[in-house]
Amino acid sequence: MHDLVKEFISKRTLAESMELNEPLHDGIYYLEKLDELIENYCRVNVAKLMHEVAWPSMHDMYKRNYEYCCGVFGVFLIGQFPSCEALCRTAIEGSVNLHYVSLGDSMSKQIAYFKHHLATERKQNQSWKQSIENSSYSENVKAHHLQRISDKDKVLDHYEYGLKKSLALCSVDFNSVDSKWPNIFDRFKKINEEVGYRTIYAALCSQAHNDAEDILNKIMARITANANGMEEAQWIEQYNFSLYLALTALDYHAMASAMYIAKFGIDAKEIINLKHGINESIAKVVEHGPRLASEKMSVDLNL
């Protein structure tokens, strides 16, 4: 087991002696090695990066998504496969955001990102306020909610004020940016991942929204009388599918990281090499997973 993998496991208070198959071991290694590379690139190039207005918050976006990916593999290691898949959706969306922001005018895109968040939160506050006013809650409870809404509005105003003032110091006019933050489909499309949206992302939304698929699979295992080993085969299938999705989320993260680093003129060749390794791990899971599941099943023709 590589030291980076041991450290990842140890940080999550899991046993370093746990057995990992090759794609899982390598996936964790690639995640940690990628983070090591990114942090080193930033240290070496800090004199240049510190003059790039868009860089600090883009690095924040990178670190946030790294944490999502850590969560993906951490949850997988303790066998929580549906939760792993739900978190993969968040990790992939974070990667898409970073990749998209790395294209073209990164500062304007970040401002659009921030403005979209502020507008959404304010709209939610208005809906919250309307629901409270129309409710049958007591006046004391209503007053409590209305105070919380007022407090949140003030925080949002403070965010906007802080952004305007800090960006103005770098000669960036927050108010003059009228770019719109595109919806998730359009962000996938802008990074040439429309098919990824229709396939991987759509499948992950199913888990995140608690759709019926997993329950239907369990029902099928109980009512299919002449098929033996379906329950074990389903567990193996879900293990491998979740691992496939975890590695795919990592692949999106690696691509976004390469785009982020390359945005500032830093050679991303080492990251691309890691991405090739991730793709090889994905291929192994795709190749061997279905066979392992099918070996557990048999059909009783006498029924």
Side-chain angles (χ1 to χ4, degrees), residues 12 21 23-24 27 64-65 67-97 116 120-121 123-124 127-128 131 182-189 191 193-253 256 278 281-301 303:
R12 284 147 188 86
N21 59 51
L24 176 56
R64 183 184 190 188
N65 212 58
E67 291 297 332
Y68 287 147
C69 289
C70 287
V72 165
F73 283 95
V75 171
F76 186 89
L77 287 173
I78 60 173
Q80 302 297 315
F81 304 137
S83 299
C84 170
E85 292 176 21
L87 189 52
C88 282
R89 175 181 184 252
T90 306
I92 288 178
E93 190 163 340
S95 296
V96 170
N97 288 348
H116 175 76
T120 299
E121 291 295 308
K123 184 178 179 180
Q124 289 174 349
S127 298
W128 179 10
S131 294
N183 62 36
I184 184 59
F185 170 73
D186 286 335
R187 298 199 300 275
F188 267 88
K189 194 171 181 179
I191 67 169
E193 280 289 340
E194 182 175 347
V195 173
Y197 174 87
R198 299 297 186 192
T199 53
I200 297 298
Y201 188 75
L204 292 171
C205 287
S206 174
Q207 195 64 264
H209 294 305
N210 192 28
D211 286 355
E213 183 179 3
D214 285 352
I215 305 302
L216 288 171
N217 286 337
K218 290 183 180 298
I219 292 172
M220 292 302 105
R222 288 197 295 270
I223 67 176
T224 307
N226 67 333
N228 301 314
M230 277 192 69
E231 189 172 352
E232 187 176 3
Q234 282 182 0
W235 186 91
I236 293 172
E237 190 277 336
Q238 186 166 45
Y239 177 98
N240 282 284
F241 186 58
S242 297
L243 180 55
Y244 162 76
L245 291 173
L247 291 168
T248 300
L250 177 59
D251 186 50
Y252 272 84
H253 176 63
I278 295 167
S281 293
I282 291 172
K284 289 176 183 177
V285 174
V286 170
E287 179 183 357
H288 298 296
R291 175 181 56 80
L292 293 172
S294 65
E295 287 176 352
K296 297 297 180 181
M297 291 186 60
S298 63
V299 178
D300 189 345
L301 298 177
L303 292 179

Sequence-distant partners of Tyr68, ring-ring contact (aromatic ring centres under 6.0 Å, His included), two or more places apart: none

CD on Glu193 to OG1 on Thr199, rounded to 0.5 Å: 8.0 Å

Residue pair Val72 / Ala246: nearest heavy atoms and the distance that separates them: CG1-CB, 3.5 Å

Heavy-atom closest contact (Leu204 atom, Glu85 atom, distance): CD2-O, 3.1 Å

Pairing residues for Tyr252 by the ring-ring contact (aromatic ring centres under 6.0 Å, His included) criterion, not counting sequence neighbours: none

Short side-chain to backbone donor-acceptor contact, Ser206 and Ala202, under 3.5 Å: no

Nearest-0.5 Å distance, CG of residue Leu247 to CG of residue Leu24: 8.0 Å

Heavy-atom check, side chain of Phe73 versus side chain of Leu87, under 4.5 Å: no

Gap separating the CD1 atom of Ile200 from the CD1 atom of Ile92, nearest 0.5 angstrom: 6.5 Å

Residue pair Ala249 / Cys69: nearest heavy atoms and the distance that separates them: O-SG, 4.4 Å

Close side-chain approach of Glu93 and Thr90, heavy atoms under 4.5 Å: no

Spacing of CG belonging to Leu250 relative to CG belonging to Leu245, to within rounding of 0.5 Å: 12.5 Å

Set of side-chain hydrogen bond (donor to acceptor under 3.5 Å, both in side chains) partners for Asp186, sequence neighbours left out: none

Atom pair SG/CD of Cys84 and Gln238 - distance to nearest 0.5 Å: 9.5 Å

Tyr201: ring-ring contact (aromatic ring centres under 6.0 Å, His included) partners, not counting sequence neighbours: Phe188, Tyr197

side-chain hydrogen bond (donor to acceptor under 3.5 Å, both in side chains) against Tyr239, all qualifying residues, sequence neighbours excluded: Asn21

Residue list, side-chain hydrogen bond (donor to acceptor under 3.5 Å, both in side chains) with Glu194, at least two apart or on another chain: none

Backbone N/O of Pro182 and side chain of Arg187: donor-acceptor pair under 3.5 Å: yes

Contact summary for Val285 and Asn240, nearest pair of heavy atoms: CG1-O, 3.4 Å

Ile78 CD1 to Ser83 OG distance, which is reported to the nearest 0.5 Å: 8.0 Å

Heavy atoms from other residues, nucleotides or ligands near CZ of Arg12 exceed 12 (cutoff 6.0 Å): yes

